[in-house]
Amino acid sequence: MAEDKADVLLLGPAMPLIVEGIERFFTLHKLWEAKDRDKLIADLAPRLKAMAGGGGGHAAIEGSFLSKFPKLEMISSFGVGYDHVDAKWCAANGVTVTNTPDVLTEEVADTALGLLLCTVREFPQAERYLRAGKWLGGNYPLTASLRERKAGIVGLGRIGKAIAKRMEAFGLTVAYHNRSKQADVSYSYFPSVVELAKNVDILMVVTPGGAATKNLINAEVLQALGPKGILINIGRGSAVDEAALVKALKDKTIYSAGLDVFADEPRVSKELMDMDNIVLFPHLGSASIHTRQAMGQLVVDNLLAWKAGKPPLTPVPETPWPPKK
Ligand code: 8YV
């Protein structure tokens, strides 16, 4: 007799590795492709125990949606950030949430340093200058420099620490702000973001999204960062007050910015688009083939661990294993 495969509801488009990996071991249902979404939900609701988020954009996974599935046990989410999942609701309802940390740490840290260099030394602008044939008319203007700068990291988790290591190798002095002081580092700690910003001229934002960090980087922080200041955001767009940032860039309250994430991505505000003196990446942090495959595999492996009744590989802190039902 054929094995009765457990159902998995995939909430959005996902890379083939995830789709095929789930299909091999489970009965896969693709919510975004359903002709009648409500019918699919109603059919699955009495029996569905597992969902997966593929990472093709991060539509909110809210308690009001999840509560339609009384037997739900597991949500395997793509990406280290899971601000789109109502993890509190999951914790209260015995649902385990997993994310894909660690496997992307070095990639995101590489991207952060790349974005920093691009922003300070204006590499994308200089390349556009060459391609426009302007080099024939004279050299690209001299740029700002990393030399003699102090960097402040907002959010010193795993990725923040990997960025700090790279910054040290580049000769930068590193300080940080975090919810709590980290015991395993000797960088200067600032209990407030404004105090950190006052003491550095690079502010590297690596925070998760969500209510706790919403608009953490506001007008006051940008003012404190000052006219030499460079803001880099590799964490979540919601952590930066974009209107305040646009104003700070226009008023030259800060010098420049490099952004990999945006408040309403993939839509980027026209005001940011129109500025040629900043650097904008289309959320590239972890986006290499190597790293995205490792992340995708972890989405599948977390589901397989759940299927085997084993502890999930990477549960988020809000939903430690075993779940409280
Ligand atoms: C992914 C990310 O781009 O891991 C994260 O939190 O932001 C990125 O690595 C994103 O999850 C893709 O949807």
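What you are looking at is a predicted structure, and each value in this text was computed from that prediction instead of being measured. Order of listing sets the numbers, starting from 1, for every ligand and every atom in it.
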Engineer: For ligand 1, does E107 get within less than 4.0 Å through its side chain, its backbone, both, or neither, judged by non-hydrogen atoms?
Structural biologist: neither
Engineer: Would F190 and Y176 count as a close aromatic pair, with their ring centres under 6.0 Å?
Structural biologist: no
Engineer: How close do V221 and A197 get, heavy atom to heavy atom, and via which atoms?
Structural biologist: O-CB, 3.6 Å
Engineer: Which of the numbered atoms in ligand 1 are below 4.0 angstrom from a heavy atom of R236?
Structural biologist: 2 (C), 5 (C), 6 (O), 7 (O)
Engineer: Find all atoms of ligand 1 within a distance of less than 4.0 Å from any non-hydrogen atom belonging to L104, and give their numbers and elements.
Structural biologist: 4 (O), 9 (O)
Engineer: Shortest non-hydrogen contact from P323 to G94?
Structural biologist: CB-O, 3.6 Å
Engineer: From atom 8 (C) of ligand 1, work out which of A287, A14, S286 has a heavy atom at the shortest distance.
Structural biologist: S286
Engineer: Examine V8 and I18 and state if one hydrophobic cluster contains both, with Ile, Leu, Val, Met, Phe, Trp and Tyr joined whenever side-chain heavy atoms are less than 4.5 Å apart.
Structural biologist: yes
Engineer: Closer than 4.0 Å to some heavy atom of G81 - which atoms of ligand 1 meet that?
Structural biologist: 4 (O), 5 (C), 6 (O)
Engineer: Quick check on Q125: does its CD atom have over 12 non-hydrogen neighbours (other residues, nucleotides or ligands) under 6.0 Å away?
Structural biologist: yes
Engineer: Hey, which atoms in ligand 1 end up nearer than 4.0 Å to a heavy atom of R292?
Structural biologist: 1 (C), 3 (O)
